[in-house]
Each structure stands twice: as structure tokens, then as C-alpha cells.
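Below: one structure, written as C-alpha cells.
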Amino acid sequence: VTALRIFLARLLGLFAGDTRRERELRAEIDGHIAETADEYVRQGMTPDEARHAALRRFGGVTQTVEAHRAQRRFTFFSTLGQDLRYAGRTLVRAPGFAIVAILTLAIGILGNTTIFSGVNALLYTPLPTKQPEQIAQVLSARGDGSNQGIVKHTYKRYTSLRDTNTSFAALAAIRDVTAPISDRAPAAGTATDVGVVRGEIASGNYFDMLGVRAANGRAFTPDDDRTPNAHAVVVISDRLWRTQFSADPQTLGRVVYLNGHPFTVIGIAPASFTGTVFANETDFWAPLMMQGQFGAALNWWSETRSRHIVVFGVRRFGGPAVTGPGQEVGDLRVLGRLKPDVGAGQAAAELTTIAAGLAQANKLTPPRIDVLAELEARHQGGLGGLEQVRGISRLALWASGLVWLIACGNVANLFLARATARRREIAIRLSLGAGRWRVVRQLLTESTALGLVAGALAVALTFWTANLLGSAIPTNVQLPITLDFTPDLRVLGWGLALSLATGLVFGLAPAWQAVRTDLVPSLKPGESGSSQSARRFTLRNALVVAQLSISVVVLVAGGLFVRSLANAREAFSPGFATDRLVSMRLDPGVLGYKAPRIDAFYRDVLRQVKEVPRIETLSLIDSPPFGSYGSLGGPITAEGISPDPASTPVEVGIHVAGPRFFHTIGFPIVAGRDFDERDAADAPPVAILSAAEAVRLFGSDRNAIGKRVIPPEEFNSPALQVVGVFEKGRKTQGFEERALYTTFLQRPPGRAMTLVVKAASAGDLNWLAEAVRKSLQQIDPVMPIAEVRKGENHAAPELGAVRLTAEIAMLLGLVALTLASLGLYGVISYAVSMRAREIGIRLALGAHSGNVRGLIIGQGMLLTVVGLAVGLIVSLIATPVLQSMLVNLPATDLVTFVGVSALLIAIALVASYVPARRATRIDPIATLRTE
Amino acid sequence: MTDVLYGSLGLIILKTLEALGPLHGYRIARRIEQISGDHMALNQGTLYPALLKLEQAGWVKSSWGESDSGRAVKIYTLSRAGRKHLAAEEAAWQHATGVVARFFKIQDERS
């Protein structure tokens with residue numbers, strides 16, 4: 001307590017009445033001395049003698065005042081101010097040095113803050129709800145153990161899970177929708193003031209489960225969610241309230257038109273609450289009972305979407321194929337708050353049992369229910385899962401940390417070189433009585449100031465680079481999340497800590513060396529302290545060797561991932577070339593359109609989008625062979641051949657495609673032809689079979705052409721004539737073997753379809769996607785366009801993860817190499833300037849310039865080889881950690897190690913050749929004359 | 001010896017103030033010199049930082065007053081907290097010296 005009180009008093013001393021205190025002290029001391037003098041006078045001294053005696057008796061007045069001052073306030077700050085001013089002056093006097101140092105450090109710090117803002121956004125930003133760690137997603141996974149092909153739930157399943165489970169405190173269902181919004185009833189042809197916004201149609205317990213209250217008005221409750229179509233109320237987001245309603249307080253109670261239906265605004269959500277899809281803005285929330293207003297089927301509350309639904313998609317590498325009856329597929333995400341003492345695994349087991357009972361009653365494949373913590377669920381299907389994201393994060397943080405160390409090493413070397421130049425100055429200060437600690441402090445202040453300036457620069461740049469990184473991260477296009485990597489306070493704190501650490505790390509070596517300075521030789525004119533340079537050299541060389549070996553480690557990691565990426569392209573290939581594909585999902589049903597209008601819309605799409613330049617071909621498909629979609633399915637038979645009643649019926653996926661689908665996607669037609677305009681509504685109904693199915697039914701590809709197949713009964717379809725047989729790509733993963741395609745011109749699906757566009761050449765797919773989007777908006781300005789995929793997005797998400805890792809690791813590796821070779825260059829240049837006299841003598845005595853060059857390059861190569869050897873050994877020990885992230889590549893891949901070695905030696909040769917050439921140009925006369 | 005005494009200067013000042021009541025700096029210095037019988041070469045100037053420290057800790061209070069010779073001087077008074085602190089420190093000091101003294105006695109017995 002006492003220490004605290006003294007501290008506070010001193011703190012006050014910083015601000016209040018310091019000059020008054022000083023005056024008072026002076027008066028007090030004067031009084032003291034006068035009293036003493038009085039006494040001496042009484043003892044018989046003359047006043048003059050007495051005064052001198054009194055002063056002697058008192059001791060040093062100045063020392064007393066100084067000590068008093070030190071006790072009164074913190075000398076720390078005034079000294080700091082002094083040191084900072086001094087540092088500022090020294091740095092401004094050598095602007096080149098300061099700029100190089102600041103830029104190098106800024107690069108080192110920038111890598112870290114950028115990566116950290118990404119990691120922070122992805123892993124450390126919880127959902128904006130109460131106790132977000134209890135929130136878990138209930139996912140229905142495909143029974144084959146793969147993590148792909150996650151399907152949503154039906155309302156029936158949701159209610160039975162909600163009512164029977166004991167694991168969740170509350171379980172809510174959410175339907176994600178996109179809908180046009182308007183503040184007046186839509187009239188035909190007027191779409192000017194309409195925006196399209198994302199919303200969550202959620203069960204009544206949604207807000208209560210999340211623990212979110214309306215900032216204004218009220219949130220909806222289970223009472224607002226009792227009867228289908230009867231609760232036209234809506235809660236809007238703070239953002240929507242500000243943008244669409246100009247933050248008008250009268251918004252509550254107003255009617256807005258969502259998807260053309262009137263809803264009354266009952267509440268405004270707090271600004272911090274943006275819905276339950278991570279990093280995605282939700283603009284409105286309406287009760288689940290209002291699903292019908294957002295394009296749900298007529299009897300959505302009772303349907304199970306029962307039989308014959310086959311889910312397929314690109315499966316995780318190496319997973320088994322799926323056959324058997326279909327699963328139940330709905331439109332609802334289910335999200336709940338786990339009871340405090342219930343684990344995710346326990347909850348999953350319980351829900352799986354409940355769902356299995358329901359599936360059995362409906363004669364469907366029982367699903368495997370997964371319960372994933374929200375953090376885990378948000379990364380599902382994005383970069384390929386939470387573990388992937390964690391792995392990449394760890395790797396990137398390590399690599400950027402190493403790059404930072406290299407940058408610090410460079411600047412430490414710069415400082416060391418300068419410390420040699422400043423040795424005279426420091427020696428003078430020491431000999432004039434400056435404490436060694438005081439000098440160290442001055443030097444550390446200088447380096448810390450430099451670190452902070454660099455840190456400020458880096459943090460400012462992070463706002464740009466972090467968002468660059470954000471846009472490079474592949475996300476799950478089916479659940480689009482817009483990643484916001486804008487640095488927050490945590491990132492700023494991280495940057496600050498790093499800058500301070502930077503100042504210490506690179507400032508310590510020079511400071512340590514400065515106080516070990518031997519005073520006498522440093523003060524002698526012309527003496528460059530050659531006895532000392534040997535030791536100093538070792539420190540500088542050690543730094544460079546360390547930098548080179550660290551850069552080897554980062555480069556090896558980068559090289560491994562680049563090699564792994566090449567393998568991944570093979571391994572995760574979807575079975576068709578993706579480099580020219582652009583696709584997007586269109587769902588006219590969301591706008592409440594009915595069958596004839598939907599079909600007309602698709603026809604318009606094919607006609608209109610064709611006009612976009614640089615398109616080779618385009619088509620439509622209801623359930624594309626990428627991503628994961630439910631497709632209809634069932635057993636089919638060849639006409640005239642009754643199936644063996646003893647054999648189990650074989651499930652076949654039944655799809656609806658547009659003309660030229662197989663040409664567009666790139667599956668080769670091995671017999672017959674692709675769909676085209678001949679297959680019109682009034683022409684005989686046709687089908688295209690997969691080769692496997694053609695062989696099963698008719699013995700061979702060729703035999704199938706012209707034959708007729710009969711679809712399952714519930715399709716209400718006449719027999720279809722087989723006009724073509726296609727072969728799926730050789731390496732197709734998970735794409736079903738058995739499939740039947742019909743054409744949408746004859747069998748309009750009346751539901752969502754994916755537009756697939758093949759560009760005339762691999763090139764700017766972003767441009768093409770945008771052009772297609774514009775063209776679609778000309779047809780219908782409010783049509784929601786979702787799941788836009790370009791090129792690689794059509795492959796497994798794991799490929800994106802591998803590519804991102806390779807890009808980050810290689811970029812950091814190259815930065816590391818650049819910094820390390822600059823460090824090498826600096827040290828060799830310095831060596832040349834230190835040895836100028838020696839080289840001059842050598843040249844004067846007749847050494848060839850080649851000899852001199854060899855001498856200098858030899859020195860550089862020695863450092864390089866030592867650094868390389870250390871780096872390779874460390875890599876061999878460290879890289880097995882990366883094994884799980886590499887695709888079909890050993891962590892000790894020889895090609896990578898040899899390649900990195902060759903690259904480093906080549907760069908090091910260049911870095912030492914430049915100063916070596918300068919050495920040969922030394923004029924012997926000039927160097928010898930300076931003596 | 002001076003080191004030990006310097007460390008306890010604060011305590012000595014407090015004790016002086018307790019014994020004699022409010023005093024100004026010169027008087028405190030003189031008093032310390034008298035009591036120590038000039039065994040302690042007190043650098044009188046060191047008194048002032050020590051007084052400031054005591055004041056910051058809240059153990060003494062200061063106010064301007066007049067010396068016997070009519071000069072304006074700062075007069076230091078022991079505060080209640082200071083009195084309490086002094087009592088505690090004094091007890092601790094007695095205890096410590098007592099223990100040390102016992103050890104010196106052991107040596108006496110051996111010789």
C-alpha cells in the first residue's frame with residue numbers, strides 16, 4: 001500500500017506544481033543553511049566563514065535537489081524524452097539507414113499482423129450471441145463417413161428432434177433465404193426501389209435460444225410462430241434499418257414487402273448481431289411459419305420429401321462409393337444450445353437414434369447426425385474443416401514469425417555495422433562518466449522507437465493486406481460467407497506487442513556490444529580497433545548464418561506445399577477440366593414463381609446469356625457434379641425386359657440437364673449424341689445414360705442407343721429413348737456411376753438449376769462471371785444468384801486449402817529468401833569495406849582481380865553453406881509436422897530439398913558477387929594513402 | 001556503518017518526531033547528530049529526500065511555520081499512520097536486534 005501511495009504521489013508530481021515544489025525546496029534548504037550559519041556565528045565565526053562552514057556541513061545542495069527531484073517524480077519519463085529526442089536526431093541524420101531499417105522491419109511485422117488478422121477472424125471471433133461456445137450446429141451427414149454432402153433437415157425431422165431430445169436446452173431451425181425488399185406493394189414492371197437482402201426464416205425460439213434481444217421493439221417468440229402463413233412479422237437488422245429506413249425511429253410498426261408479401265416490422269436487432277452464419281450479414285428475420293412466403297413448397301410442414309433422394313457430390317479423397325436408398329433432404333439448418341453438461345458426441349448419438357427412427361418409418365436411409373460446435377461447423381466445407389484451418393493457421397503463423405526473425409536479424413546487423421561507426425561517440429560518452437546501463441538504455445530506446453515506427457507502418461498496411469488475404473480464402477460457396485479480415489483491437493495489440501519485441505530483439509545485440517567497448521583503442525584516432533573486429537565479426541556472421549538457415553526452413557515448407565499442390569490437382573480432380581468453367585445457382589422459386597414462369601425464365605437464360613462474349617457453350621443442370629445437391633433417384637428398367645424379381649433394385653440418380661450439357665461440363669459422349677434443340681417438348685422423350693448403367697441394362701454402350709428405358713413409377717414419365725451414353729471422367733471422385741439424364745426442354749424441373757458456362761479460353765473468369773451476372777439481371781433484376789463458382793471452385797474444397805497454403809508458404813519463403821540474401825549482401829559489403837586496406841595491399845602486391853573476387857565470394861559461400869546445412873538439418877527434423885497437410889508427398893521430398901539448396905546457393909552467389917566486384921575495383925593507392 | 005544507518009534514516013526521523021513533536025529540517029538534523037553522538041556523519045542534505053519519501057508515504061505531514069529565529073521554515077509533524085508504522089517498525093527492530101544479540105552471545109560462551 002505504501003509503495004502504491006508513493007507511486008501515486010510521484011505520478012501526481014508529473015503534472016502538478018512541480019516548479020512550486022522546487023521553489024519551496026530551495027527556500028527550505030536556504031533556511032536550513034541560514035540556521036546552521038547562525039549557530040556558527042554564535043560560536044564566534046565571521047558571517048562569511050559561518051556560511052561556508054554551513055554549506056560544507058549540508059553537503060551538496062545540487063545533489064540534494066537532484067535526489068529530491070528523483071524522489072518527487074519519475075525520472076524514467078524525462079530520461080525517455082531525452083533519449084527519444086536524441087534517437088530522433090541520430091536517425092534523421094542518417095535517413096537512408098533509418099528508411100531501410102524501418103522498411104525491413106515493417107515487412108517482417110506486416111506478415112505477422114496480416115496472418116494474425118486472418119487467424120483472428122477465422123478462429124477467434126465467436127458468433128455474436130450469449131455464451132457462443134454452447135451453440136452447436138446439427139448436421140445430417142451422409143452415412144458413408146465423408147464430411148461432404150451435408151444435407152439440411154426437413155421440418156418434420158426438426159420437430160421430432162426438438163421434441164424428443166434431451167441434449168439441447170433449445171433447438172432452433174433456420175431457413176436461409178434471399179428475398180427482394182420494398183417499402184410499397186410491388187406492381188408489375190416496377191422494380192426500381194427494390195433491393196435483394198439475405199434473411200433467416202427461423203423458428204420462434206430462435207432469439208431466445210441465442211440470447212439476443214431486440215435493440216428496439218421486440219424479437220419474435222414461439223407465439224409468433226404457431227400457424228402457417230399467419231404471422232407476418234419481421235425483425236430487421238440494424239444495418240438495414242440505417243440504409244433502407246434512414247434510421248427512422250418510426251420504422252417500428254411499418255409494413256415492408258418481402259418477396260412481395262407485407263410484413264410488419266416489430267423489432268430492430270442490435271448492431272452487433274448479424275445472424276447465425278459466421279461473418280455473414282443477415283438483414284431480416286421472420287418466423288418459420290412464414291416459409292410459404294419465401295418459395296417453400298405448399299405443404300412444407302408435413303412433407304418429408306420422402307423417397308428416392310440420392311445425395312451426391314465430390315467426396316473426400318478416397319472415400320467409398322454410396323449406393324442404397326435415398327435420404328431425407330430438407331431446407332432447414334438446425335442450430336441449438338447444448339446443455340452445459342452434455343458433450344457434442346453424446347448429443348450426436350442421441351439425435352442419430354431419433355432420426356433413425358423417423359427414417360425407418362419413412363423407409364429411408366437413416367442419416368448420421370453430427371453435432372458440431374459452431375466454430376467447427378463454420379469451417380465445414382470451406383477450407384475443408386476446422387483442422388485444416390487450424391493447420392494452415394499454425395503453419396502461416398510460424399512461417400511469418402520466422403520471416404520476422406530474419407528481418408530483425410537484418411536490422412540488428414545494420415545496427416552492429418553502425419555501432420562500429422559510432423564506437424568513438426559511445427566511448428566518449430562512457431569516458432565522460434555516462435553509466436553503461438545509461439548507454440544501453442539510449443541504444444534500446446533508439447531501436448524500440450524504430451520498431452514502433454515500423455510497427456505503425458505495418459499495422460496501417462495490414463488494413464489493406466488483411467482484406468487481400470480475406471479475398472484469397474476459398475469459402476464454401478454453398479453457404480457463402482463473406483470473410484471480414486479488417487483488423488480489430490486484438491490485431492492492433494498484437495502489432496504493438498510485436499513492434500516492442502522487435503525493438504528489443506534487434507536492439508539487444510548492438511547494445512550488448514556497445515557496453516563491452518574497450519575505451520582506449522576506440523578513442524585513438526585512425527585506429528579501427530582491429531583486435532576487436534574479429535569478435536564482432538563472429539556475431540555478425542552468426543546472425544547471417546541464422547538468417548540463411550531460417551530462410552531455408554521457410555523455403556522448404558513453401559517448396560513442399562507447391563509440390564503438394566501439383567499432386568492435389570490430380571487427387572482432387574472432379575473428373576472434368578475446371579479451368580474454363582463458371583457456374584451459378586438460380587432459384588426462381590424463391591421469388592414465388594410457379595412452374596410455367598420458371599421454365600420460361602430458364603429458356604430466356606439460355607437464349608440471353610449465350611450473347612455474352614467469350615463463351616464457348618453453356619447449359620443448365622439441376623444437380624451438378626460438384627458441390628452437394630440432392631437429386632432424384634430410383635431404379636430404372638429396360639423396356640421389354642422385366643427385372644429379375646430376386647435381385648435388389650439398383651438406385652440410379654435421375655437428373656435434368658439442358659442442351660449441350662455434356663459438352664459444357666466436359667464428360668465425353670462415348671456413343672450417340674448430346675442433348676440439343678431437337679429434343680423439344682413435342683419430340684419423343686429422350687434420355688442419356690451413364691456408361692455403367694448402359695452396360696448393365698443393354699450389355700454395351702452402343703447397344704443402348706435407340707433402346708427405351710422406363711423411369712421409376714412416381715416420375716409419371718413415359719418410356720425414354722436413349723440417345724446417348726456418356727463416360728464420366730477417368731478420375732472422377734464420388735460422382736455416381738449410375739445416372740440417367742433427361743432434358744429440361746421435355747421435363748421442366750420447376751425448381752432451382754445451376755447455369756454452367758464454359759469460357760472460350762482459360763482466362764479472366766471473374767470478368768466472365770460478372771458479365772453473366774449482368775446478363776441475368778437484364779432478364780430479371782431481382783433474381784437471386786447464389787453459389788457462384790469459378791474454375792477451381794468446382795473441385796473439392798481441399799484443393800483450395802492446399803492452394804492457399806502453398807501460396808502463403810511460398811510467398812513467405814520468397815520474402816525470407818530476399819531478406820536473408822540482403823543480409824548476406826550487407827555483411828559481405830561490410831567485410832569488403834573493413835578489409836579495403838588489406839585488399840588494396842594484395843592488389844598492390846600483384847594479386848589478380850580474380851583472386852580477390854574468389855576471396856570475397858568464398859567468404860559469402862562459406863556462410864551460405866553453413867547456413868544451408870543448418871537449415872536443411874532443422875528442416876529434416878521439423879517438416880514431418882507438415883506431413884498430414886501434404887498430398888501424396890513425403891515431408892522429406894528430395895526434389896524440394898535439392899531445389900531449395902540450389903536456389904539459395906544461386907541467390908547467395910549473386911549477393912556476394914556484387915560486393916566482390918566492388919572489391920576488385922579498390923584503388924590500392926587511395927586506400928594506402930588514407931593512413 | 002553509514003549504509004545501515006542510511007537505510008534506517010526514515011525510522012530515525014520518525015522516532016525523532018515522535019519524541020520531540022513537530023520540528024523543522026534543521027532541528028531534525030541537529031537532533032539526530034546529538035543523539036548519535038556524532039557517530040553518524042550525517043550529510044544533512046540527505047534529510048530532505050528522505051523527508052519527502054516519508055511525506056509521500058503519508059507518515060509525516062508538513063506545513064510552513066516559523067523557526068525560533070523567525071525564519072519561514074517547513075515544519076514536519078508525525079501523522080497517525082506514521083505513529084502506527086513507527087510502532088510496528090520499532091517492535092520489528094527490537095525483535096531483530098534481540099535475535100542477533102543472542103547469536104553474539106553464543107560466540108561469547110565459546111571463547
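Per chain, numbering begins at 1; letters A, B, ... match sequence-line order. Keep in mind it's a predicted model, so treat the numbers as computed, not measured.
- Within residues 28-39 of chain A, the residues having any heavy atom less than 4.5 Å from a heavy atom of chain B are, in residue-number order, A:Glu28, A:Gly31, A:His32, A:Ala34, A:Glu35, A:Thr36, A:Asp38, A:Glu39.
- Summarising the local packing, CZ of A:Arg490 is surrounded by more than 12 heavy atoms from other residues, nucleotides or ligands at distances under 6.0 Å.
- Of all the listed residues (A:Val61, A:Thr64, A:Val65, A:Leu25), the one sharing the greatest number of non-hydrogen pairs under 4.5 Å with chain B is A:Thr64.
- Other residues, nucleotides and ligands contribute more than 12 heavy atoms inside 6.0 Å of the NZ atom of B:Lys74.
- No more than 12 heavy atoms of other residues, nucleotides or ligands shown are found within 6.0 angstrom of CZ on A:Arg51.
- Side-chain contact between A:Phe58 and B:Tyr48 is present, with heavy atoms from C-beta onward closer than 4.5 Å.
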